[in-house]
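Each remark here refers to the structure printed beneath this line.
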Amino acid sequence: MTPDRAPDRAPGLAESARALAAGEVTSRELVERCLARIEASRPVLNAFRVVRAEAALAEADAADRELAAGGRRPLLGVPVAVKDDTDVAGEPTAFGCAGDFPPAAADGEAVRRLRAAGAVIVGKTNTCELGQWPVTEGRAFGDTRNPWHTGHTPGGSSGGSAAAVAAGLVPAALGSDGAGSVRIPASWTRLIGIKPQRGRISTWPRPDPFQGITVNGTLARTVADAALLLDAASGSHAGDVHRPPALTVADAVGRDPGRLRVALSLKPPFTGAPARLHPQIRARVTELADRLAASGHDVTEADPPYGQIGLAFVPRATAGIAELVAEAPDPDLLDPRTRSAARLGRLLGGVPLRAARRAEAGLQRRIGAFFRSYDVVLAPTTAAPPPRIGALHGLGGTATDRAVITACPYAWPWNVLGWPGVNVPAGFVGNGLPVGAQLLGPAGSEPLLVSLAAQLEAELRWHERWPPGPAAAGVRP
């Protein structure tokens with residue numbers, strides 16, 4: 001057994017691609033095993049909204065023919081999953097909502113690029129309703145559970161992707177991040193979660209989702225796999241609002257990051273509601289800081305000058321919800337909290353929204369100046385460990401917002417800025433619940449963040465530990 005492999009669990013993305021190219025396994029075999037694991041895990045994990053069994057097997061057979069003919073592409077024949085806010089031709093894109101959604105007429109640009117790299121799309125993973133909450137639960141599809149402790153959430157809104165990768169159902173998956181929705185579930189399921197620079201992975205056919213705060217990102221068990229998937233999915237569509245200069249991220253894995261100036265930031269940004277860092281999470285993040293210092297980095301406690309950055313977030317987030325609610329086939333089926341957020345978004349969609357968007361440039365200049373003194377920020381990804389399943393059930397809108405802010409006050413400022421962040425595992429708290437830390441940088445800093453994350457991974461070997469027991473064996477208390 002290799003360190004990146006456990007019985008009945010998917011090999012990593014890079015390992016799968018290598019084995020396929022070497023003729024050690026066929027794409028059909030890999031896809032059949034993925035589909036069997038997904039089916040077996042459904043009663044417990046409930047990670048997928050759509051499983052493309054027949055289509056994925058046909059794609060695998062086509063990949064095998066190409067491999068046999070000598071074809072080589074970065075992910076040729078490798079099974080991956082995508083979050084159900086991303087269009088896959090012929091499948092509905094429900095984004096966590098109830099209702100009769102039509103099949104997408106074409107792949108989203110990110111999926112088109114994954115297919116161009118040779119990937120086989122096995123299915124679409126669960127997400128909470130319009131990606132609003134850090135849990136993946138909803139009336140439309142039920143509760144998605146954490147493979148490390150199935151009484152708890154894997155996080156959200158990319159919780160289905162995180163659960164699928166953490167349990168070894170698939171090697172890697174796409175998610176999206178509008179307020180931490182890749183980094184939070186990566187933290188709570190012990191994964192690498194990369195939120196790239198805004199526009200690095202196209203969001204087309206939505207040119208500027210959630211008024212620019214949402215980006216597509218990747219989840220995997222290793223830094224190398226998350227970076228490989230990022231490179232395969234990266235690139236712009238002509239209609240995208242944000243089109244950053246191209247760069248390659250996977251080459252930074254194994255590269256010496258040099259001696260970095262690291263700001264350890266433990267203070268929650270401005271949130272408008274009280275948020276307290278869990279003492280055990282503080283300890284785990286501080287241990288990572290000590291590890292970085294022992295590796296030769298200069299670590300100092302310092303907080304970016306966030307100010308009242310939240311005022312630039314709420315109008316954009318709620319206006320984005322209002323836009324999506326207007327497209328829902330049956331808005332009456334939506335959660336009352338969603339409809340309330342949409343009403344607020346319509347109220348804030350004029351002058352407040354324009355002011356929020358104008359504020360971004362000033363925030364980038366002010367917080368960008370912080371990076372004259374520091375290269376990287378190390379911060380908690382969340383303030384709390386993963387909540388129990390159902391913790392947000394039955395709450396009203398205000399109570400839900402307070403619970404979300406209390407648990408997850410750290411991730412969303414980087415969505416306002418549009419800059420990269422990488423979640424890395426930080427260990428466990430309580431009864432074996434995973435938690436994580438963020439490496440945060442300025443625009444275009446993905447290679448530096450990935451290099452530093454890979455350096456930590458080489459020392460801590462977090463990918464060698466899997467969730468206890470088979471994911472389909474039953475719900476643990």
Side-chain angles (χ1 to χ4, degrees), residues 82-87 93-97 108-110 127-134 136 138 155-159 161 174-185 193 195-217 236-237 239-244 309-328 331 334-335 337-350 352-361 363-364 397 400-401 404-405 408 411-421:
V82 301
K83 182 178 177 179
D84 191 30
D85 63 344
T86 301
D87 286 351
T93 303
F95 203 172
C97 299
E109 180 65 13
T127 173
C128 63
E129 197 167 284
L130 303 184
Q132 299 168 85
W133 306 303
T136 301
S157 63
S158 305
S161 287
L174 278 188
S176 61
D177 192 313
S181 287
V182 162
R183 290 163 289 157
I184 291 166
K195 173 213 173 295
Q197 175 73 26
R198 182 186 296 150
R200 181 75 61 213
I201 301 177
S202 175
T203 54
W204 189 262
R206 296 194 178 278
D208 196 30
F210 283 85
Q211 296 293 319
I213 62 174
T214 292
V215 304
N216 286 328
S236 300
H237 184 279
D240 288 335
V241 171
H242 309 284
R243 304 177 67 184
I309 191 172
L311 299 178
F313 175 80
V314 173
R316 297 168 74 170
T318 56
I321 292 168
E323 291 166 0
L324 291 171
V325 166
E327 300 175 12
L334 298 176
D335 190 297
R337 294 170 292 185
T338 299
R339 299 198 299 271
S340 176
R343 287 193 293 271
L344 178 60
R346 289 190 288 272
L347 288 172
L348 299 180
L353 176 60
R354 291 192 292 272
R357 298 216 63 164
R358 285 196 304 270
E360 181 181 303
L363 290 165
Q364 289 174 337
T400 297
D401 291 343
V404 169
I405 290 169
C408 302
W412 57 268
W414 245 245
N415 295 90
V416 174
L417 298 167
W419 293 345

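Numbering starts at 1 and runs along the sequence shown.
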Given side chains that start at C-beta, do those of [X] and [Y] come closer than 4.5 Å, heavy atoms only?
X      : Y      : result
Arg337 : Gln132 : no
Thr338 : Leu130 : yes
Asn415 : Thr214 : no
Leu353 : Leu348 : no
Glu323 : Phe210 : no
Val215 : Pro196 : yes

Keeping the roles fixed (side chain from [X], backbone from [Y]), state whether a donor-acceptor pair exists under 3.5 Å.
X      : Y      : value
Thr203 : Arg206 : yes
Thr127 : Ser157 : yes
Glu129 : Leu334 : no
Trp204 : Ser236 : no
Asp177 : Val182 : yes
Thr136 : Gly159 : yes

Non-hydrogen atoms of [X] and [Y] that approach each other most closely:
X      : Y      : value
Lys83  : Ser158 : NZ-OG, 3.0 Å
Ser161 : Leu174 : OG-O, 2.8 Å
Pro134 : Ile184 : CB-CG2, 4.2 Å

| query | Taking only residues two or more places apart in sequence or in another chain, which ones pass side-chain hydrogen bond (donor to acceptor under 3.5 Å, both in side chains) with Lys195? | reply |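 So Lys195 forms no side-chain hydrogen bond (donor to acceptor under 3.5 Å, both in side chains) with any residue.
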
| Taking only residues two or more places apart in sequence or in another chain, which ones pass side-chain hydrogen bond (donor to acceptor under 3.5 Å, both in side chains) with Thr318? |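 In terms of side-chain hydrogen bond (donor to acceptor under 3.5 Å, both in side chains), with neighbours along the sequence ignored, Thr318 is linked to no residue.
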
| task | Pick out which of Ser181, Pro209, Ser176 makes a side chain to side chain contact (heavy atoms under 4.5 Å, CB included) with Asp85. | result |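 Going through Ser181, Pro209, Ser176 one by one, the side chain to side chain contact (heavy atoms under 4.5 Å, CB included) with Asp85 is satisfied by Ser176 alone.
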
| request: Identify which one of Arg198, His242, Arg316 satisfies the side chain to side chain donor-acceptor pair (under 3.5 Å) criterion when paired with Asp208. | output: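 Running side chain to side chain donor-acceptor pair (under 3.5 Å) over Arg198, His242, Arg316 with Asp208 returns exactly one hit, His242.
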
| task | Return the orientation label for the Phe313 and Trp412 ring planes: parallel under 30°, perpendicular over 60°, tilted otherwise. | result |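 Ring orientation of Phe313 relative to Trp412: tilted.
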
